[in-house]
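Counting starts at 1 for both ligands and their atoms, following the listed order.
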Amino acid sequence: EDIRVYEFAEKINRPISDVIKVLFSLGLMMTKNDFLGSDEIEILSEEFGVEVTIVDPKDAFNYEEDMAETIDENATKRPPVITIMGHVDHGKTSLLDAIRKAKVTEDEAGGITQHIGAYTIEQHGEAITFIDTPGHAAFSQMRQRGTDVTDIIVIVVAADDGVKPQTDEVIKLAKESEAPVIVALNKMDKESANPDMVKGQMAERGLNPVDWGGDIEFIPVSAKTGMGIDDLLENILLTAEVLELKANENAMAKAAVVESSLEKGRGAVATVIVQNGTLKVGDYVVCGSAYGRIKALIDENKKQIKSLKPSHTAVVVGLNEVPSSGEIMMAMKSDKEAKEYAQKRHEYDRNKELSHSTKSTLEDMTSMIAEGNLKSLKVVLKTDVHGSLEAIKSSLNELRNEEVKINIISSGVGGITENDVELVANSENCVLLGFNVRPTGSVKALAKQKNVDIRTYSIIYQLLDDMTGMLTGMMAPKF
Ligand code: GDP
């Protein structure tokens, strides 16, 4: 669940610096306000020898302390970063395009802009940055990695269609992130537009319109005609004003990766939004297990720029490998330092993949199965990435034959958790399979105590071989 570094330190009664030190030794560059992933929490819990159960992350959220870091005396105002979310076809892409088109400056007009994953516009001399990867997948992914760059969320609802399932999803995400919300009532040019219906639906979900006495702005817009775009931008700036967003331009740069890819001629590139400091051409940077020296910063107008200030965005050229979106990029003092952190991170990632297992209980089960008359082997499956999850699931299903079958009772992407162990412990004839994920010490201890067999693999055919063996053991002896 979502817990910040300082919250974790508070919970275990240790100085924040101790926690950060451990994270750094794992190659994870995190500061006290960053969110910890479940893997990090497990590893830290092991490292500090504590049992951590997280009740409600919101209770532990400390707004003042959160702000304390950014409002240092050298911090100055920075522009807001906006994410537009909403149900499919309600007009996210159209709105992002309309905003961009309405606000291209003189010298950019006619120039070719390219989609880099984010862009910055100016409204009456004030900058606003939009994350331009429609859908909330990118937002969720970044949050999962603990990268909360979004200051304000714009929820788009088509005024002729109203609240839809994905609208509910983004409302939930918005509430979790605690970023202020502005609702854009889109498609107001349509005759069937019914803003009051939408307001009613949103109010039912706790988003009360200002004109109904609530605190959420509902701005009627049309991405098609451009109506209301100015109004929306003004409201974004007003909301940002209240947030008093600040950053220190002179600090060592910290930025978040929004998009990344491998490009012909340029190599690994990443679009970043600067969170603090100023990112400059020539800076040594580390970004997860990638590192390098910034060769070029290219904005969405394909213009080369020298430096990038807080909340601004550009494509970074010069990394040795492609970082994941949501990864944090940090400027380092030297090439050596950047390389060291990248290597540590490599080791950390590799360690996560190392597999150990105990064979005994599996063998016990095989012989038990052979003696008895069991016809189904239950499996709980965890993998590191979605691709391998799907591949293994379909292969396991192919292993079924007329006599015995595999029954996948639970599967998912992520580390092996105590919940997984409990699930297996409470199911008869069940094994826990991990692919490129391994249990931590506490999970292992629980598994031992509950007599749960955890089998971890890093090669798919070995996993399938073992399961084939199990199934063979389960077949009734033929005479
Ligand atoms: P997304 O899936 O949320 O990104 O939605 P799109 O931006 O792709 O828009 C979906 C459809 O609605 C497209 O056919 C757009 O042309 C149309 N659309 C978007 N905004 C408006 C609007 O303000 N008025 C009208 N009439 N159509 C719109």
- [ ] With heavy atoms of His87 as the reference, note each atom of ligand 1 found under 4.0 Å away.
- [x] 3 (O)
Task: Numbered atoms of ligand 1 (with element) below 4.0 Å of Val88, judged on heavy atoms - done: 2 (O)
TODO: Using distance alone, determine whether Ser222 and ligand 1 share an N or O pair under 3.5 Å.
DONE: yes
Task: Ion pair Asp168/Arg205, N-O distance below 4.0 Å - done: yes
- [ ] Using heavy-atom distances, let me know which of His90, Lys187, Gln166, Lys224 sits nearest atom 11 (C) of ligand 1.
- [x] Lys187
Open item on the list: Measuring from atom 23 (O) of ligand 1, which candidate in Ala193, Ala223, Ala158, Ala184 has the nearest non-hydrogen atom?
Closed with: Ala223
TODO: Begin with the C-alpha distance, continue with both residues' side-chain angles, and end with the deciding distance and a verdict on side-chain hydrogen bond (donor to acceptor under 3.5 Å, both in side chains) for Asp384 and Ser388.
DONE: CA-CA 7 Å; Asp384 59 338; Ser388 48; 3.2 Å; yes
Open item on the list: Strictly below 4.0 Å, N to O, side chains only: are Arg4 and Asp34 in salt-bridge contact?
Closed with: no
TODO: Between Lys92 and ligand 1, find which residue part has any heavy-atom pair under 4.0 Å and reply side chain, backbone, both or neither.
DONE: both
Open item on the list: Taking the cut-offs as 6.0 angstrom to the six-membered ring centre and 45 degrees off its axis, would you call Arg100 and Tyr119 a cation-pi pair?
Closed with: yes
Open item on the list: I'd like to know whether ligand 1 has Met188 as a neighbour, heavy-atom separation below 4.0 Å.
Closed with: no
- [ ] Quick one: look at Thr93 and ligand 1, take heavy-atom pairs under 4.0 Å, and tell me if it's side chain, backbone, both or neither.
- [x] both
- [ ] Check the side chains of Ser311 and Arg78 for a donor-acceptor pair under 3.5 angstrom, ignoring hydrogens and angles.
- [x] yes
Open item on the list: If we set the cut-off at 4.0 Å for heavy atoms, which region of Asn186 has an atom near ligand 1: side chain, backbone, both, or neither?
Closed with: side chain
- [ ] Indicate yes or no: does an N/O atom of Gly91 lie under 3.5 Å from an N/O atom of ligand 1?
- [x] yes
Open item on the list: What I want to find out is whether Asp160 reaches Lys190 closely enough, with some N-O distance under 4.0 Å, to be called a salt bridge.
Closed with: yes
TODO: Give the atoms of ligand 1, by number and element, whose distance to some non-hydrogen atom of Ser94 is under 4.0 Å.
DONE: 6 (P), 7 (O), 9 (O), 15 (C), 19 (C), 20 (N)
Task: salt_bridge(Asp89, Lys164) N-O dist < 4.0 Å - done: no
Open item on the list: Under a 4.0 angstrom heavy-atom cut-off, which atoms of ligand 1 come close to Lys190?
Closed with: 26 (N)
- [ ] Count the heavy atoms of every other residue, nucleotide or ligand shown that sit under 6.0 Å from NZ of Lys378, and state whether that count exceeds 12.
- [x] yes
